[in-house]
Each structure stands twice: as C-alpha cells, then as structure tokens.
Amino acid sequence: MDKFRIEGGRRLEGTLRISGAKNAALPAMAAALLTSKPVCLRNIPRVRDIITMGKLLAHMDARVELGAMPPTDITIQAEKISDAEAPYELVRTMRASILTLGPLMGRLGYARVSLPGGCAIGARPIDLHLKALERMGAQIITTHGYVEARVPADKRLRGGHIVFEKITVTGTENVLMAATLAEGETLIENAAREPEVADLADLLIKMGAQIEGAGTSTLRIRGVSSLHGATHAVIPDRIEAGTFLVAAPITGGELVLEGCAPQHLTAVLWKLAEVGVEIRQEAADRLRVRSGGKLAAADVTTEEYPGFATDMQAQYMVLATQATGASVITETIFENRFMHASEMDRMGANISVEGRQAVVRGPTPLSGSEVIASDLRASASLVLAGLVANGSTLIDRVYHIDRGYERIEEKLSAVGALIERVRQGRS
Ligand code: UD1
C-alpha cells in the first residue's frame with residue numbers, strides 16, 4: 001500500500017487545474033448502460049473509482065475505451081448487456097457501483113447488484129433506492145448479499161410518484177436513470193439538488209430523455225422507449241476545488257484555481273470568507289485564494305446541497321485548527337464521519353468529538369506524524385494537515401485518496417509542496 005510523505009511548512013503558490021467531478025463522472029458512466037449506442041464523456045478524472053466503474057461496465061459486456069492521457073475522454077458502448085450483475089469484488093471497493101442498478105432496471109428490467117455494506121463513515125443503507133424502484137413495479141429480494149430486482153416478464157418499469165423520505169444523491173440518480181425508460185411519467189419529490197444530479201440530467205436529456213426540473217427538488221420524467229448516444233463534458237470537481245481553497249490559506253500561500261465552477265461552491269466560499277480567507281473570482285471558471293491575514297473560528301453544519309457539503313467537512317476541520325477560537329463542526333449527513341479528528345489530534349490539534357459534533361480549538365501548531373487515512377475525504381484532510389505541520393508526515397493507506405483525487409501529489413508539488421508517494425508493492 002502506497003504512502004505519502006509530506007514535509008510541511010511550505011508556502012503554496014501557483015496555478016492548479018481542477019479535474020472533472022468524480023461524483024458526476026460515475027453516474028454518467030452508468031447512464032451509458034441505458035443505450036446500445038456510444039456515449040462519449042469528456043473531462044473524466046483519472047482516478048481509481050473511474051477505473052473500477054469501467055471494469056464493472058466491461059464485466060457487463062460494455063465496450064469501455066479510455067482516451068489518451070492527459071485528460072480525459074471515455075467512450076462507453078453497451079451494445080448488449082450479457083451479464084446484468086455488479087459483483088461483490090467490485091462493489092466492495094466502490095459503493096457507487098450501486099449506480100448500475102437504476103439503468104439496468106430501466107433497460108433490461110433485471111439486475112443483480114451486490115449489497116455495498118457499511119463503510120468507514122457509517123452504515124450507508126440503500127433502502128430508499130430499493131423502495132423507489134419497488135414503487136415503479138420492481139420485485140426485489142435480497143439474498144446471499146445481493147439485491148435481485150426484476151420487473152415481471154414482458155413488462156417495463158412503470159412511472160411512479162416517489163417521495164424520498166431523506167435526500168439521497170445516488171438514490172435520486174438511480175431512480176432518475178430508471179425512470180427515463182419507464183412506462184409513463186415519474187415524479188420524484190425531495191430529490192437531491194446536487195450539481196452532479198443536474199449534470200446527469202443534462203446528459204440524459206442529450207441522450208433523448210424527457211426530464212423537467214433538473215437541479216431542483218422536484219423532477220418530472222416522461223419515459224421514452226429508447227435513448228441514443230451523446231457526447232457530454234462532466235462538471236468540474238467542486239470538492240477538489242474546495243480542498244485546494246483550504247490548502248492556500250493554511251500554508252500562508254496564494255493559489256489560482258482554473259477550470260472550476262464557483263457557482264457550485266457558494267456555501268464553501270461564504271464559510272471560508274467568514275473565517276477570513278480572501279477569495280476573488282477572476283473569471284467564470286477561475287478563483288484566486290489566499291489567507292487574508294488572521295483566520296477566525298467559525299461554526300459549520302454539513303447539509304445537502306446547496307448547504308455546506310459533508311465531503312468538505314474534514315478539510316474544513318484542518319482550517320479550523322489554524323483559526324483563532326472554537327469552531328463547532330456539526331455533521332448531519334453521516335453518523336461516523338470524524339475519524340480524521342483523532343489523527344489530527346495526534347498531530348497536535350485540539351479537537352473534542354461528541355456524537356455528531358466536533359469542537360476544534362485553535363490555533364494549534366501541528367507536528368508531522370505517522371497517520372492513517374480512513375476514507376477518501378479524511379485522507380485529503382490529512383494531506384492538508386501534513387502541509388501545515390512542522391516536519392515530516394507519513395500518511396498510510398493513500399489508496400483512499402487515489403479513489404477520488406487525480407494526481408494530488410503532482411498537483412501540489414507543482415505549486416511548491418514537498419510531497420512524495422512512497423511506493424510499497426502493489427496497493
Ligand atoms: C453521495 C456522494 C458522496 C457524498 C454523499 C452525501 C457519490 C458517488 N457519492 O453518496 O460523496 O458524501 O452523496 O453528499 O455521489 N441513506 C439512507 N438510505 C438510502 C440512501 C441513503 O438512509 O437508501 C442515507 C445515508 O446513509 C446518508 C444520507 O442518506 O446518511 C445521504 O446519503 P446519500 O446522499 O445517499 O449518499 P451517497 O449517494 O451514497
């Protein structure tokens with residue numbers, strides 16, 4: 001398993017290009033299962049989850065062609081689907097494999113998908129995905145660790161009225177995809193409003209789907225009998241951008257982020273401004289960020305979009321360790337998402353966690369230590385902590401970060417960080 005070694009205390013300065021959003025690319029790839037024609041996706045980040053999704057689609061007999069490096073096209077053609085199964089060995093490495101369930105049900109009326117199980121940040125059930133598909137006529141059983149869903153012979157899924165009890169991003173995406181090929185109209189209420197859901201709707205519309213309300217909490221989908229191919233560039237990764245927006249002020253540096261989507265970052269931009277980070281929008285897709293001097297503590301609560309993203313909570317915690325005063329961080333989306341706090345404490349932070357709240361008292365100098373990454377965003381936060389810390393930080397299990405950040409060590413090195421990958425056999 002690879003590690004990162006970071007020599008902290010270096011000021012970051014320069015320009016970084018933001019990659020395409022992993023969480024938009026994954027559902028877009030799954031959407032290619034809805035048609036026999038080629039779907040060409042652009043701005044796809046070269047991260048491990050994308051490779052895993054490619055393997056999963058190939059397992060189902062889709063043709064998956066990655067464009068040349070660097071970026072970043074991928075063409076997928078699922079002319080026929082010989083095996084509508086997402087096997088455990090792929091699902092266990094990437095929960096987003098569940099995104100194949102909706103399109104398989106829409107196109108074939110049959111799917112067998114391994115149950116993802118829990119993960120480091122909480123139980124993460126998929127009951128809401130399944131209930132919604134049942135309302136659309138699917139018969140679902142779970143057996144031997146797999147969800148087996150089918151519509152009765154000679155029938156298609158039928159449109160239905162879905163009211164999600166709780167907002168779910170991939171749940172909304174699954175039902176949206178399934179509904180494009182269902183019989184009749186589907187109304188989804190309490191839908192997730194994340195930009196990645198709207199981006200998926202954009203792609204589906206290009207493929208011939210009839211969708212109204214993209215980006216809102218009410219989606220109306222009129223089912224069509226077939227979809228066609230399309231070309232689509234996925235949106236920039238707002239979480240990667242948010243991570244670098246924190247990297248600049250904590251190192252006393254100044255960064256320009258190119259190719260980002262500031263309109264998707266409003267809650268983060270506001271919160272960072274409250275802390276005292278100076279951010280200027282220089283163009284529609286360019287932000288300049290630097291510390292505005294002293295950083296002041298500010299409370300934050302994670303929420304569904306357009307609120308402050310749970311995927312930015314761990315990175316924000318590092319900023320809070322460098323701000324003066326007590327910051328109360330409340331996590332409302334996942335029940336167990338503070339694993340990074342104890343690692344940061346080992347580096348000298350003062351963080352007390354109780355239930356879903358963490359209180360960070362700052363500023364505290366951090367000192368380089370050996371730490372372990374527990375999940376994707378936690379590992380990003382440990383990289384940030386390593387950039388601030390005195391001395392050397394060694395982060396174990398960076399395969400988590402490789403799942404979702406494209407060449408983070410190369411990007412950070414290019415703006416002055418001392419970070420290297422320590423290769424340890426095959427990870
Ligand atoms: C997606 C993102 C992930 C992000 C999360 C929340 C992808 C691939 N992943 O994950 O990066 O952290 O949104 O913004 O886009 N829930 C249920 N039952 C369900 C589904 C969800 O109880 O059937 C709960 C979850 O346990 C969680 C909450 O609802 O507490 C939100 O989860 P959800 O939005 O579904 O997260 P994901 O789509 O898995």
Side-chain angles (χ1 to χ4, degrees), residues 20-31 44-45 47-50 52-53 56 86 91 93-102 113 115-135 140 142 147 149 162-177 188 190-200 217 234-235 237-240 242-243 264 267-268 301-316 330-340 356 374-381 400-401 403-405:
K22 165 185 87 75
N23 284 356
L26 292 172
M29 290 174 74
I44 298 294
V47 297
R48 183 160 307 189
D49 274 5
I50 296 298
T52 307
M53 182 60 93
L56 181 54
V91 176
T93 62
M94 185 188 67
R95 303 178 48 79
S97 308
I98 191 66
L99 283 166
T100 55
L101 178 62
V113 176
L115 280 166
C119 73
I121 62 176
R124 304 189 76 177
I126 53 161
D127 55 315
L128 303 175
H129 304 226
L130 303 185
K131 274 189 205 163
L133 290 171
E134 275 173 344
R135 276 196 76 81
I140 300 181
T142 52
V147 170
I162 313 294
V163 184
F164 278 114
E165 287 163 44
K166 197 171 177 180
I167 297 175
T168 159
V169 176
T170 48
T172 302
E173 291 166 344
N174 251 334
V175 176
L176 175 60
M177 290 189 276
I188 308 177
N190 207 22
R193 290 183 285 164
E194 268 65 5
E196 293 76 18
V197 180
D199 195 49
L200 172 64
S217 58
V234 304
I235 55 173
D237 195 314
R238 63 196 165 101
I239 307 301
E240 186 198 29
T243 304
H264 298 156
V268 169
T301 299
T302 61
E303 281 167 17
E304 294 89 359
Y305 191 85
F308 191 96
T310 174
D311 284 351
M312 272 301 295
Q313 179 256 103
Q315 300 89 316
Y316 183 80
T330 308
E331 171 59 56
T332 70
I333 308 294
F334 293 110
E335 68 264 32
N336 187 26
R337 207 175 196 182
F338 285 133
M339 307 267 278
H340 41 279
R356 290 188 172 218
S374 53
D375 70 68
L376 171 56
R377 305 305 170 185
S379 40
S381 74
H400 287 296
I401 208 163
R403 283 189 38 224
Y405 284 82

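One-based numbering, in listed order, for ligands and for the atoms of each. Quick note: numbers below take in every heavy atom, side chains included, and nothing from hydrogens, waters or symmetry partners.
- Annotation: Arg95 places no N or O atom under 3.5 Å from an N or O atom of ligand 1; distance criterion only.
- Across the listed options Asn174, Ile333, Thr170, Asp311, Thr170 owns the non-hydrogen atom lying nearest to atom 38 (O) of ligand 1.
- Distances below 4.0 Å separate heavy atoms of Pro125 from the following atoms of ligand 1: 17 (C), 18 (N), 19 (C), 20 (C), 21 (C), 22 (O), 23 (O), 26 (O).
- Qualifying side-chain contact (heavy atoms from CB on, under 4.5 Å) partners for Ser379, counting only residues two or more places apart in sequence or in other chains: Ala373, His400, Ile401.
- Residue contacts with ligand 1 include Lys166, since one or more of its heavy atoms lies under 4.0 Å from the ligand.
- With contacts defined as side-chain heavy-atom distances shorter than 4.5 Å, the pair Arg238/Glu196 qualifies.
- Where the criterion is an N or O separation shorter than 3.5 Å, residue side chain and backbone included, Val169 meets it with respect to ligand 1.
- Residue His129 touches ligand 1 through backbone and side chain together, judged by heavy-atom distances below 4.0 Å.
- Per-residue contacts place Ile126 under 4.0 angstrom from the following atoms of ligand 1 (heavy atoms of the residue considered): 19 (C), 23 (O).
- The shortest heavy-atom distance from Arg337 to ligand 1 is under 4.0 Å.
- Under the 4.0 angstrom criterion for non-hydrogen atoms, Gly171 is not in contact with ligand 1.
- The side chain to side chain donor-acceptor pair (under 3.5 Å) with Arg337 is formed by just one residue from the set Asp311, Thr332, Thr302; it is Asp311.
- Summarising the contacts of atom 6 (C) of ligand 1 with Thr302, Leu130, Leu128, Thr310, the nearest heavy atom is found in Thr310.
- Atom CZ of Arg135 has 12 or fewer heavy atoms from other residues, nucleotides or ligands within 6.0 Å.
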| message | I'd like to know whether Phe164 forms a side-chain contact (heavy atoms from CB on, under 4.5 Å) with Lys131, so could you lay out the CA-CA distance, the side-chain angles of the two residues, the decisive distance to 0.1 Å, and finally the verdict. | response | CA-CA 9 Å; Phe164 278 114; Lys131 274 189 205 163; over 6 Å; no
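- Here the options are Thr168, Leu26, Val197, the test is side-chain contact (heavy atoms from CB on, under 4.5 Å), and the partner is Glu173; only Val197 passes.
- Electrostatic pairing of Lys22 and Glu240 does not count as a salt bridge here, judged by no charged N lying under 4.0 Å from a carboxylate O.
- With rounding to the nearest 0.5 Å, the separation of OG1 in Thr172 from CD1 in Ile167 is 8.0 Å.
- Between Asn23 and ligand 1, a contact under 3.5 Å exists for at least one N or O pair.
- In this structure Gln315 satisfies the side chain to side chain donor-acceptor pair (under 3.5 Å) test together with Thr243, Tyr405, sequence neighbours excluded.
- Within the 4.0 Å heavy-atom criterion, neither part of Lys131 lies near ligand 1.
- Remark: distances from the non-hydrogen atoms of Ile167 to ligand 1 include one below 4.0 Å.
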